[in-house]
Amino acid sequence: MASQEGSARRVAELDTPAFLVDFNKVSTNCAKALAQCTELGVTLRAQTKTHKTIEGAVLQTGGTRRGLVTSTIQEAEFYADNGFDDILFGFPFIPHHMPRAAQLTRRLEKFHVMVDSRVAVDVLVANTPPPGKTWSAYLAVNCGYNREGVWWESSEGEELACLMDKSPSVTFAGVYVHCGNSYSASQPRDVERVREETIERLLHLVGRIKARGVACPVLGIGSTPTCSHPGPSMRQLTELHPGNYIFYDAQQMVLGSCKEADIACCVATRVIGHYPDRNQLLIDCGFSGLTKQGTGQLPSGCCIFRDQPNLKLDKMTQEVGFVNAVKGHLNLDDFPIGCMLFILPWHSCATAAMYPVYHVVEDDAVVAEWRPTRGW
Ligand SMILES: Cc1ncc(COP(=O)(O)O)c(C=O)c1O
């Protein structure tokens, strides 16, 4: 499994703060997502933004190294460099991306960009693709999240699809929605409503595209909340593209996407001080080890202290966290100076991004190190 030569360290030996990945949980989360897609008859095109590692993407693709969506072009290059293929750069394409997209189109069997503007389509149409290739492009659709994408009801979607279809330089791959509005849900029923609304809206646009005589091979939606609440309507799609599910986090737990036991990453931190007059502990994890995502969302602050329900991360400076009791009095002697605590972050994608190395653990053994790619 994950064991790597020379990595017989124990968690207790690590410098802190440290980002820990539970190998068994990550493997289970990835295997479940693949099995769920097989059961629904759709392909999993996993988002890599949460971890940005080779090892994580190998697990997400079930070892095939085929079928990813990345959030940066740098990530797409990193995966191309490491034997992956069928990669979608799932971010609004602009003319500035063209030289790097051309390289990736040349190098890979399948590289796709994502467009949501006439500017992007025009640049694809106007540029000759590498020999034997076309530019493969997904149309990003906005079904209510209101970030990237053409509005599902607008005729812009049909027009951009027709323009791509007409051009000998471009292959219109299909449609892509990231339903990030599922994160505004306050209960699973709201997530399911977003899922149904997104699919209905997307199918409406696809019907209009097809009515113009344009084939739409790929129909993809995804976010971890919607994919963690799958429904039979998803069988009408061809692709799902969640990403956060590889680690999950406190936010996904609150949204009902997972249980606390499924959260596959945490930050190890140490107690660095006792302040009895204010009944407070300090820890060596501040906002540069956790981020401030989720501040004020939980009784325990922006995170959960694993197995310590009465600890609250009250505030953070760059390198220091201030820990109080959620309720009542904290017995500081229960948390000796130097002892380790384990924090489940609110948003694992953001927290992981703070670390140049992830320590992969099985129980309290450090069995591997994963090194994420960084940059844009
Ligand atoms: C374009 C795009 N696709 C897919 C995803 C994956 O969604 P999630 O993080 O909810 O799994 C994201 C996440 O931000 C995204 O921005």
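Remember, it's 1-based here, ligands and their atoms both numbered in the order they're listed. Note that the numbering runs from 1 along the sequence shown for the chain. The structure displayed is predicted, hence computed values, not measured ones.
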*Is there any N or O on N244 that sits under 3.5 Å from an N or O of ligand 1?*
yes

_Give me the nearest non-hydrogen protein atom to atom 7 (O) of ligand 1 as residue plus atom name, then the distance to 0.1 Å._
H178 CE1, 3.1 Å

*Please work out which of Y183, F91, Y145, F247 has its closest non-hydrogen atom nearest to atom 10 (O) of ligand 1.*
Y183

_Within ligand 1, which atoms have a heavy atom of G90 less than 4.0 Å away?_
1 (C)

*Does the distance from a Lys or Arg side-chain N to an Asp or Glu carboxylate O, for R371 and E369, drop under 4.0 Å?*
yes

_Taking 4.0 angstrom as the limit and counting only heavy atoms of G243, give me the atoms of ligand 1 inside it, by number and element._
6 (C), 8 (P), 11 (O)

_Modelled atom types, side-chain donor and acceptor of Q252 and S257, under 3.5 Å_ = yes

_Y138 and H112 aromatic ring geometry - parallel, tilted or perpendicular at 30°/60° bounds_ = perpendicular

*Relative to atom 14 (O) of ligand 1, which among K49, Q252, R147 owns the nearest non-hydrogen atom?*
K49

*Near T224, which atoms of ligand 1 are under 4.0 Å from a heavy atom of that residue?*
8 (P), 10 (O), 11 (O)

*Indicate the ring-plane relationship of F93 and H97, choosing parallel, tilted or perpendicular according to the 30° and 60° boundaries.*
tilted

*Aromatic rings Y79 and F84: how do their planes relate, parallel, tilted or perpendicular, breaks at 30° and 60°?*
perpendicular

*Side-chain H-bond candidate by donor/acceptor type, N146 with N181, under 3.5 Å*: no

*Which residue and non-hydrogen atom of the protein lie closest to atom 3 (N) of ligand 1, and at what distance in Å?*
Y176 OH, 2.6 Å

